[in-house]
Colleague: 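Below: one structure in C-alpha cells.
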Amino acid sequence: GLVGSEMCIRDSYVIDAAKQECRLYLDADLKKRIAFKGDPILMTPKNTMHIGHSSGTEFMDGRIDEVKIWNQALTPKQVKTEWVATTTAK
C-alpha cells in the first residue's frame, strides 16, 4: 500500500536459517513468515543482496535512511528492542 510522504516505517527482514524461515516485521510487529528449504539465496557467496528493489526493474518509491545488517537472525525480542531504541533516539 501507499505510505504518506512524511511517514516513517521501520521494517525488519530476518532470514533465520536455523528455523528455515524468513520473517517480515513492520514497526516490530510480525507481519509474515515464509518457510524455505535449503540455503536462502542471500546467504550464498554467488548472490548479491539488493536494498530498495525486489527484482529486475521493480524499485521502491521512497527513501531509505538507515540500514543495519546483522550476522545472526534476530529474535522477535531483539527486533522489538532495536525498534524501540531507534524510534526513541530521534
Colleague: Starting at CD of Q20, measure out to NZ of K37 and round the result to the nearest 0.5 Å.
Modeller: 9.0 Å
Colleague: For K31, which residues count as a salt bridge (Lys or Arg N to Asp or Glu O under 4.0 Å) partner, sequence neighbours excluded?
Modeller: D29
Colleague: Let me confirm one number: the CG-CD distance from D16 to Q72, rounded to the nearest 0.5 Å.
Modeller: 10.5 Å
Colleague: Between I64 and E66, is the side chain to side chain contact (heavy atoms under 4.5 Å, CB included) condition met? List the steps.
Modeller: CA-CA 6 Å; I64 299 172; E66 189 174 320; over 6 Å; no
Colleague: Check whether any side-chain heavy atom of E82 sits under 4.5 Å from a side-chain heavy atom of W70, and report yes or no.
Modeller: yes
Colleague: Decide yes or no for R23 and L30: does some side-chain heavy atom of the first lie under 4.5 Å from some side-chain heavy atom of the second?
Modeller: yes
Colleague: State the OH-CD1 distance between Y13 and I51, to the nearest 0.5 angstrom.
Modeller: 13.0 Å
Colleague: Which residues pass the side-chain hydrogen bond (donor to acceptor under 3.5 Å, both in side chains) test with D11, not counting sequence neighbours?
Modeller: none
Colleague: Ignoring hydrogens and geometry beyond distance, is a side-chain donor-acceptor pair present between R10 and T86 at under 3.5 Å?
Modeller: yes
Colleague: Looking only at non-hydrogen atoms, find the nearest pair between A28 and V79 and report the distance.
Modeller: CA-CG1, 4.0 Å
Colleague: Is the shortest side-chain heavy-atom distance between W83 and S12 below 4.5 Å?
Modeller: no
Colleague: side-chain hydrogen bond (donor to acceptor under 3.5 Å, both in side chains) with Q78: which residues, sequence neighbours excluded?
Modeller: T75
Colleague: What is the distance from atom CG of D27 to atom NZ of K80, rounded to the nearest 0.5 Å?
Modeller: 9.0 Å
Colleague: For T81, enumerate each residue passing the side-chain hydrogen bond (donor to acceptor under 3.5 Å, both in side chains) test, keeping only those at least two apart in sequence or located in another chain.
Modeller: none
Colleague: List the residues meeting salt bridge (Lys or Arg N to Asp or Glu O under 4.0 Å) with K77, not counting sequence neighbours, and say none if there are none.
Modeller: none
Colleague: What pair of heavy atoms forms the shortest contact from Y25 to P76, and how long is it?
Modeller: OH-CG, 3.5 Å
